[in-house]
J.: 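I'd like to ask you about the structure that follows.
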Amino acid sequence: MIQLIKGFKDILPEEIALWQHIEQTARALFESFGYREIRLPIVEKSELFARSIGDTTDIVEKEMYTFEDGKRGNVTLRPEATASVVRSYIQHRMSAEEPLRKLYTIGPMFRRERPQKGRYRQFYQIDAEVFGTASPLMDAQIIVMLVSLFNRLEVSDISAHINSLGCPVCRPDFQKALFTLLEEQKDRLCENCVRRSTKNPLRTLDCKVPSCREALKDAPSILDFLCDECKTHFETVKTLLTRQNIPFAVDKNLVRGLDYYTRTAFEILTTSLGAQNAVAGGGRYDGLVAALDGPPQPAIGFAIGFDRLAEIMAQTKTLSPQPPALYVAALGDACRELAWAFACDLSLSGIPTEMDFEDRSLKSHMKRADKFRAPHVLILGDNERENGVALLRNMSTKEQTALPLDGLVPQLINILG
Ligand code: HAM
């Protein structure tokens with residue numbers, strides 16, 4: 001038997017009601033904030049991700065599915081959506097059309113990470129991006145929208161964590177101070193952090209290795225290094241969130257795993273998923289559009305880990321698929337063909353109808369109808385057919401009504417529609 005590859009998974013029909021519920025709730029909420037959907041390819045030139053996410057990030061260094069595609073050179077299965085959205089925004093000159101662009105996209109991403117619970121090699125993200133405003137009002141609004149989605153989905157075990165990562169003016173001073181500490185503590189750092197200290201020192205703050213945590217417990221706070229503009233921006237975001245009753249915690253060590261961020265960075269954490277505690281993450285990336293040769297436009301966005309969100313919700317919620325409105329129980333060959341035509345017409349008219357084509361007894365049909373949780377059963381046997389009727393049985397009251405076969409479909413639409 002061929003089995004699926006480790007780190008990949010099937011989302012089975014039993015899980016789909018929950019996935020659809022999440023997706024519909026997100027779409028409705030995002031659209032009421034003016035976001036419009038965009039659908040993008042899964043494969044992009046590798047260079048796009050190297051230049052945006054950053055050459056020295058874990059994602060680009062070791063997690064990308066990259067292959068050579070003839071003359072096109074190296075292409076990569078997208079590890080995230082932001083880079084592709086930015087590429088499309090620049091390519092289609094979206095800023096010329098409307099200075100403020102709010103976009104969302106939902107789909108699969110690919111990272112060759114070590115698979116474990118909540119961490120997959122193909123996973124889904126619900127991603128939102130805004131271009132064209134540097135205002136802290138947008139930072140606060142996008143966090144309000146994100147937290148509200150969790151509230152609407154009745155996911156209570158979450159907390160919002162925020163930080164400011166500064167800008168190209170103030171961050172270098174912080175990096176210098178951090179680098180000095182990293183040099184002093186070199187012997188206590190893991191191999192990965194020693195390497196990061198020169199290439200990407202901020203990432204050391206995120207290291208989970210206990211000796212690194214201990215070595216960096218007195219690390220300087222980036223918040224003490226912010227320039228006046230970044231400081232005011234961050235203060236405004238916090239004030240607006242408080243005013244909107246959004247609880248949050250400031251985490252000076254929140255650095256994110258992608259290099260494009262500036263100023264506000266945020267994550268939604270949960271305690272329901274063990275080690276993989278981030279269910280969403282995002283932030284401002286004011287320099288990325290220009291870095292990818294687009295017009296200098298500020299931007300901000302987030303991505304929700306769809307699989308992780310569905311897993312948290314599945315712990316407390318079961319959503320069953322909608323039952324059909326009608327189960328058709330036909331007895332005997334002649335009746336089955338007649339009933340088959342009724343069932344087709346009802347389904348085509350938008351009445352969810354289920355019919356079993358096998359030769360079964362009435363008792364076994366009733367069992368099937370119960371299994372489908374059908375509230376009504378249409379019974380058509382030779383007796384009924386000879387009398388020119390079919391019986392409509394209400395499964396909860398057990399009441400049966402004889403309906404004339406002539407004009408049966410419109411009558412059923414009237415009763416069940
Ligand atoms: P990220 O933090 O890399 O950010 O991913 C966002 C979310 O995707 C994570 O919080 C997590 O829930 C989920 N996720 C990431 N990797 C996996 C995995 N291997 N298995 C399951 N779920 C996973 C980004 O991707 C940025 N593009 C977010 C963003 C948008 N920033 C600005 N705009």
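As the structure lists them, so they are numbered: ligands from 1, and atoms in each ligand from 1. Please read all numbers here as calculations on a predicted model, not as lab measurements.
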J.: Does Y260, backbone or side chain, put an N or O under 3.5 Å from an N or O of ligand 1?
T.: yes
J.: Please tell me whether D259 and N200 have a donor and an acceptor in their side chains that are separated by less than 3.5 angstrom.
T.: yes
J.: Please work out, at 4.0 Å between heavy atoms, whether the side chain, the backbone, both, or neither of A280 comes within that distance of ligand 1.
T.: backbone
J.: Heavy-atom distance to atom 18 (C) of ligand 1: which of F266, Y261, Y124, F123 wins?
T.: F123
J.: Heavy-atom contacts under 4.0 Å between E267 and ligand 1: side chain, backbone, both, or neither?
T.: neither
J.: At a 4.0 Å threshold, what atoms of ligand 1 neighbour a non-hydrogen atom of V279?
T.: 10 (O), 12 (O)
J.: Using non-hydrogen atoms of the residue, decide whether M109 is closer than 4.0 angstrom to ligand 1.
T.: no
J.: With atoms numbered from 1 as shown, which atoms in ligand 1 lie under 4.0 angstrom from a non-hydrogen atom of A303?
T.: 6 (C), 7 (C), 28 (C), 29 (C), 30 (C)
J.: Is the closest side-chain donor-acceptor distance between S396 and N394 under 3.5 Å?
T.: yes
J.: Within the 4.0 Å heavy-atom shell around F302, which atoms of ligand 1 are there?
T.: 29 (C), 30 (C), 32 (C), 33 (N)
J.: One residue to check: Q125. Relative to ligand 1, which of side chain, backbone, both or neither has a non-hydrogen atom less than 4.0 Å away?
T.: side chain
J.: Ignoring hydrogens, what is the shortest heavy-atom contact between S221 and F174? Give both atom names and the distance.
T.: C-CE1, 3.7 Å
J.: Taking the six-membered ring of Y65 as reference, does the NZ or CZ atom of R112 fall below 6.0 Å from its centre and within a 45° cone about the axis?
T.: yes
J.: Establish, for the pair K238 and F248, whether the NZ or CZ atom is under 6.0 angstrom from the six-membered ring centre and no further than 45 degrees off its axis.
T.: no
J.: Step through it carefully: locate the ring centre of H365, locate the ring centre of Y327, and say whether they are under 6.0 Å apart.
T.: yes
J.: Might you confirm whether atom CD of E399 has over 12 heavy atoms from other residues, nucleotides or ligands at distances under 6.0 Å?
T.: no
J.: I need the atoms of ligand 1 closer than 4.0 Å to a non-hydrogen atom of L258, numbered in the order shown.
T.: 3 (O), 4 (O), 24 (C)
J.: Does only the side chain of D127 get under 4.0 Å from ligand 1, or the backbone, or both, or neither? Count heavy atoms.
T.: side chain
J.: Could you see which bit of D307 sits under 4.0 Å from ligand 1, with heavy atoms only: side chain, backbone, both or neither?
T.: neither
J.: Is the distance from the ring center of Y104 to that of F30 below 6.0 Å?
T.: yes
J.: Against heavy atoms of G281, which atoms of ligand 1 measure under 4.0 Å?
T.: 10 (O), 28 (C), 29 (C)
J.: Ignoring hydrogens and geometry beyond distance, is a side-chain donor-acceptor pair present between R87 and Q91 at under 3.5 Å?
T.: yes
J.: Will you find, in the side chains of Y260 and T82, an N or O donor that is under 3.5 Å from an N or O acceptor?
T.: yes
J.: Purely on distance, is any nitrogen or oxygen of R119 under 3.5 Å from one on ligand 1?
T.: no
J.: For T271 and D157, test the side chains for any donor-to-acceptor distance below 3.5 angstrom and give the result as yes or no.
T.: yes
J.: What protein heavy atom sits nearest atom 12 (O) of ligand 1, and how far off is it?
T.: A278 O, 2.9 Å
J.: Tell me the contacting part of Y285 for ligand 1: side chain, backbone, both, or neither, using a 4.0 Å heavy-atom threshold, strictly below.
T.: side chain
J.: Considering only protein heavy atoms, which is closest to atom 27 (N) of ligand 1, and at what distance to one decimal place?
T.: E80 OE1, 2.5 Å
J.: Check contact between G118 and ligand 1, using heavy atoms of the residue and a distance below 4.0 angstrom.
T.: yes
J.: Using distance alone, decide if ligand 1 has a nitrogen or oxygen within less than 3.5 Å of any nitrogen or oxygen in G282.
T.: no
J.: Give the residue, atom name and distance (to 0.1 Å) of the protein heavy atom nearest atom 13 (C) of ligand 1.
T.: G305 CA, 3.5 Å
J.: Return the minimal non-hydrogen interatomic distance between M64 and P79, and the atom names on each side.
T.: SD-CG, 4.0 Å
J.: Mind checking whether E129 contacts ligand 1 via backbone (N, CA, C, O), side chain (CB onward), both or neither, at a 4.0 Å heavy-atom cut-off?
T.: side chain
J.: Write out the residue and atom name of the closest protein heavy atom to atom 20 (N) of ligand 1, then the distance separating them to 0.1 Å.
T.: Y120 N, 2.9 Å
J.: What do you reckon, is NZ of K252 surrounded by more than 12 foreign heavy atoms closer than 6.0 Å?
T.: yes
J.: Considering heavy atoms of the protein only, find what lies nearest to atom 1 (P) of ligand 1 and give residue, atom and distance to 0.1 Å.
T.: R256 NH2, 3.6 Å
J.: Does a donor on one side chain sit under 3.5 Å from an acceptor on the other, for T66 and T76?
T.: yes
